[in-house]
Amino acid sequence: VCLGSLVFGRQGIGKGLLGEVREAVCGVVNCSIVQPSDITNSGNFTDWAYGRALTILDEVHVNGLEKYAVYNTMKPYITKKRGSINRKGSIRLVIRNTTNYMGFSNFDDAVPLDEDDRRWLVIRAANLRLENGVEGHVEYMGKLYEVIEQRPGALRGWLESWPIPANWPGSPMMTEDKSAMIADGENYVTVAVRRHTRNGVFNLTDSYQQIKGEAMVDGDKVPSKEALAKAAKQNLGMSLMRAKIKVAGPGGGLNSEAE
């Protein structure tokens, strides 16, 4: 379908139930569950994108630059009609892409999306309201799981009966939830520059050691000065300005450059 769906929300509200429904209607043998580490494996193997109608991404959230690796690796497998599969211990295959992707996460910045993203449909799962009390909720969930486990064909028929709107755009809509995830998932290098900008000026020389320390505490890769300067220029529209600073010392004056 050339898009992936991502459901996020706080832990314990039943997000995974949607995955179980889709597994039931697709057939468990036609589905797989992968972790982010399966996608960013050191051998660059892409078996995870092969031979399944549905692949569920479990607990989507990776810190630092690794999350960009997950996002970028998956891009062609979501949108392209054909893909190259690198299987461990076997020859590389070029196959027709038939896999749909669905992800779940407890985090608001699960995927580092940008404003031009056309691959992910982002949905925030609301907290469940127990209008009939805990006992009513338990009874309802019991019946629902009974349908999932014992009558998947009827469940599939019900889902297929839902009409698809004639004006369906064919690509994910920009929603408030997606806009929020785009903001929350902004490149951490850009976030660091934004955090240390004062009155429209980012002083790279003065800020670098502090940014370095913050990255180490957060478990992120320490950005280079070049990466910070690039983020300031390309992502935040800043212009590079070099300033000569004269610092007086016991032995006379010392000129240094700051950016």
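Positions are given from 1, in the same order as the sequence printed here. As the structure is a computational prediction, the values presented were derived from the model and not from experiment.
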(message) Counting only heavy atoms not in Arg151 (residues, nucleotides, ligands), do more than 12 fall under 6.0 Å from its CZ?
(response)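 No.
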Side chain to side chain, [X] and [Y], heavy atoms closer than 4.5 Å:
X      : Y      : value
Leu6   : Ile123 : no
Met174 : Ser179 : yes
Val70  : Pro36  : yes
Met216 : Val222 : yes
Val122 : Leu113 : yes

How long is the span from the [atom1] atom in [X] to the [atom2] atom in [Y], to the nearest 0.5 Å?
X      : Y      : atom1 : atom2 : answer
Thr79  : Met74  : OG1   : CE    : 10.5 Å
Asn97  : Arg82  : CG    : CZ    : 10.5 Å
Leu144 : Leu17  : CG    : CG    : 5.0 Å
Thr55  : Leu57  : OG1   : CG    : 7.0 Å
Ile56  : Cys31  : CD1   : SG    : 6.0 Å
Arg22  : Leu155 : CZ    : CG    : 12.0 Å

With a 4.5 Å cut-off on side-chain heavy-atom distances among I, L, V, M, F, W and Y, is there a chain of contacts connecting [X] to [Y]?
X      : Y     : value
Tyr50  : Ile91 : yes
Val21  : Val28 : no
Trp48  : Phe45 : no
Val29  : Leu54 : no
Phe107 : Val7  : no

Given Ile78 and Asn100, is the side chain to side chain contact (heavy atoms under 4.5 Å, CB included) satisfied, shown in steps?
CA-CA 7 Å; Ile78 293 177; Asn100 298 277; over 6 Å; no
Fill in: Asp58 side-chain N/O to Ile33 backbone N/O, donor-acceptor pair under 3.5 Å
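It does not hold such a pair.
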**Message:** Taking Arg87's backbone N and O only, do any of them form a donor-acceptor pair with Ser90's side chain (distance below 3.5 Å, no angle check)?
**Reply:**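 Judged by distance alone, no pair lies under 3.5 Å.
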Worksheet entry | Check: Trp120 ring centre within less than 6.0 Å of Tyr101 ring centre |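 Aromatic pair excluded; centres sit 6.0 Å or further apart.
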Check your understanding: salt bridge (Lys or Arg N to Asp or Glu O under 4.0 Å) with Arg156: which residues, sequence neighbours excluded?
Key ->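 Scan of Arg156 (salt bridge (Lys or Arg N to Asp or Glu O under 4.0 Å), adjacent residues dropped) gives Glu160.
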Item checked: Asp117: salt bridge (Lys or Arg N to Asp or Glu O under 4.0 Å) partners, not counting sequence neighbours ->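 For Asp117 the salt bridge (Lys or Arg N to Asp or Glu O under 4.0 Å) partners, ignoring immediate neighbours, are Lys178.
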Legend entry - Carboxylate-amine/guanidinium contact Glu139 Lys143, below 4.0 Å: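 Looking at Lys143 together with Glu139, the answer is yes, because their closest N to O distance falls below 4.0 Å.
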Fill in: Over-ring placement of Lys225 relative to Tyr208, 6.0 Å and 45° cut-offs
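Pair Lys225/Tyr208 counts as cation-pi.
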